[in-house]
There are 2 protein chains.
Amino acid sequence: MSLKHGLLGLLNYGSMTGYELDKAFKASLSFFWQAKTSQVYRELDAMERRGWLTSERIMQTEKPNKRVYTITDSGKEELACWLSLPEADIADAMRVKSAFLIRVFFAGETNIEQSLDMLRAYRDKCLESRKSLRAAHTASEEYGAVVGDKRKAAFWELSILYGEAFYDASLDWAEKAITILEDRGL
Amino acid sequence: MSLKHGLLGLLNYGSMTGYELDKAFKASLSFFWQAKTSQVYRELDAMERRGWLTSERIMQTEKPNKRVYTITDSGKEELACWLSLPEADIADAMRVKSAFLIRVFFAGETNIEQSLDMLRAYRDKCLESRKSLRAAHTASEEYGAVVGDKRKAAFWELSILYGEAFYDASLDWAEKAITILEDRGL
DNA sequence: CCAGCCATGTAACCGGTTACATGATTGT
DNA sequence: ACAATCATGTAACCGGTTACATGGCTGG
């Protein structure tokens, strides 16, 4: 149930509308978790029913009406509880799912050009993602300095560092894989 | 739809029962994709309805009756088609989902000991997974030599190499993160 | 005697995806 | 003129998880 807890974490920084939350989620957590706008609204509803949030409808004339969500004490408790789940649950949280690697596993069924194309496309995507993370990194450093909370900033940095390490490793692998296939003529 | 295609790929090596497929899936593809036994049976049903498979019930007296699945030409076509999807879909296949990283992102809300415990537990799990992949690697090398298909064996190796690179990078990151937090006293 | 393997599934539920609907304001 | 931004959702569907049901044979 990570989407709910991701949203709780963001709302813990301050009250927001569903629209703003959706954008905040996509701007910060989308590297580790993806959610469609329609799902965000549905989850907010469910969270309010559980008493983790309250919402207030605000009428506007110039713009569409909006609904501002605020985390409750019960929601803060739930967040704290989720953040301190024991180590046992970490194995679950670590799990990798990659359709790409299933394709690699079965790529022996395709021809040489096809498998090399696939790997080259993967390498290019990794390069692209790596570049956009570099931008995110500098943006986060500046933001961290503004906010002034060194502890929070340190963890934001760490999560970005993870992403960089991940893409660097993926890139190295892709380049090595391409070289191996080219050299062996497979 | 990776589970369906993973199962197709395995059935393409030879006909099997649902039970055997489930075990084969868990033995080979479970690093990149996880599926419960009950889901495997459900997917096999759906795949048969689509005409990708046929099944034959085999009565046994000493053991429970079984049902052997065989890939059809239409299923082989579908597999080939999936394996040659264009680069556009690779971005989708690359996507990372990690509840653990959401926890890291919000770990600034918890205390020092809690966040260090979390990172140490993560590091330990990585070490464990890394060790079991080393075993899988040697097993795959031996199996590859027996099968004799160098091309297939090369891709099995590559997918395991990916896993090793992934866990090595995760481990390095975790150790670095622990050092940073300890040094800065955060 | 009990654990574990063999072998099949069903039912309910939850979470994620796709497609659709509305409609005013602001900037190029 | 056209796209983007603001702002809300609904409905149907698909994929993954949890819990449950059955039952004989084999090895420690």
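All values reported here derive from a predicted model rather than from experimental measurement. Protein chains get the first letters and strands the later ones, always in sequence-line order, with residue 1 at the start of each.
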>> Rounding to an integer number of Å, can you tell me how far B:F32 CZ sits from D:dG16 P?
In response: 16 Å

> Between C:dG15, C:dA7, D:dG16, which nucleotide has the shortest distance from any of its atoms to the side chain of A:K4?
Replying inline: C:dG15

> Between D:dA7, D:dG15, C:dA7, which nucleotide gets closest to the side-chain atoms of A:K66?
Replying inline: D:dA7

> Closest approach of A:L53 and A:T72, non-hydrogen atoms and distance?
Replying inline: C-CG2, 3.7 Å

> So what does A:N65 hit on the nucleic acid, given a heavy-atom distance under 4.0 Å: a base, only sugar-phosphate, or nothing?
Replying inline: sugar-phosphate

> Taking the side chain of A:R42 as its heavy atoms from C-beta onward, which of C:dA7, D:dG16, C:dG15 lies nearest to it?
Replying inline: C:dG15

>> Whether A:K26 and A:E20 form a salt bridge (side-chain N of Lys/Arg under 4.0 Å from carboxylate O of Asp/Glu) is what I want to check.
In response: no

>> D:dC6, OP1 or OP2 - any side-chain N/O from A:Y19 closer than 4.0 Å?
In response: yes

>> Rounded to whole Å, how long is the line connecting atom CG of B:D22 with atom P of C:dG9?
In response: 13 Å

>> For a 4.5 angstrom cut-off between non-hydrogen side-chain atoms, does A:H137 reach A:E164?
In response: yes

>> I need the CZ-P distance between B:R95 and C:dG15, as an integer number of Å.
In response: 20 Å

>> Under 3.5 Å, is there any donor-acceptor pair linking the side chain of A:S38 to the base of C:dT17?
In response: no

>> I want to check one thing: is the phosphate of D:dT8, taken as OP1 and OP2, less than 4.0 Å away from some side-chain N or O of A:Y41?
In response: yes

> Of the candidate nucleotides D:dT8, D:dA7, C:dT8, which contains the atom at the shortest distance from the side chain of A:K63?
Replying inline: D:dA7

>> How many whole angstroms separate atom CG of A:L44 from atom P of D:dA7?
In response: 15 Å

>> Test your reading of the model: is there a side-chain donor-acceptor pair from A:R151 to the backbone of B:N111, 3.5 Å cut-off?
In response: yes

> Using a cut-off of 4.0 Å on non-hydrogen atoms, how would the nucleic acid contact of A:K36 be classed: base, sugar-phosphate, or nothing?
Replying inline: base

>> So, OP1 or OP2 of C:dC6: does either fall under 4.0 Å of a side-chain N or O from B:K23?
In response: yes

>> On the nucleotide C:dG9, are OP1 or OP2 found under 4.0 Å from the side-chain N or O atoms that B:R57 carries?
In response: yes

>> In whole Å, I'd like the distance from the CE atom of A:M59 to the P atom of D:dC6.
In response: 20 Å

> What's the CD-P distance between B:Q39 and C:dA11, to the nearest Å?
Replying inline: 17 Å

>> Whole angstroms only, please: what is the CD1-C1' distance between A:I58 and D:dA7?
In response: 13 Å

> Taking the side chain from B:Q34 and the backbone from A:V96, do they hold a donor-acceptor pair closer than 3.5 Å?
Replying inline: yes

> B:E157 and B:S140: which non-hydrogen atoms are nearest, and at how many Å?
Replying inline: OE2-OG, 3.1 Å

> Which sits closer to the 5' end of DNA chain C, B:K97 or B:R67, going by the nucleotide each is nearest to?
Replying inline: B:R67

> A:R50 has an atom CZ; how far is it from atom P of C:dG15, in whole Å?
Replying inline: 6 Å

> Considering heavy-atom distances to DNA chain C, does A:S2 or A:P64 have its closest nucleotide positioned more toward the 5' end?
Replying inline: A:S2

> What's the closest nucleotide to the A:T17 side chain, out of D:dT17, D:dG9, D:dA7?
Replying inline: D:dA7

> Hey, is the side chain of A:Q60 poking within less than 4.0 Å of OP1 or OP2 on D:dA7, counting only N and O atoms?
Replying inline: yes

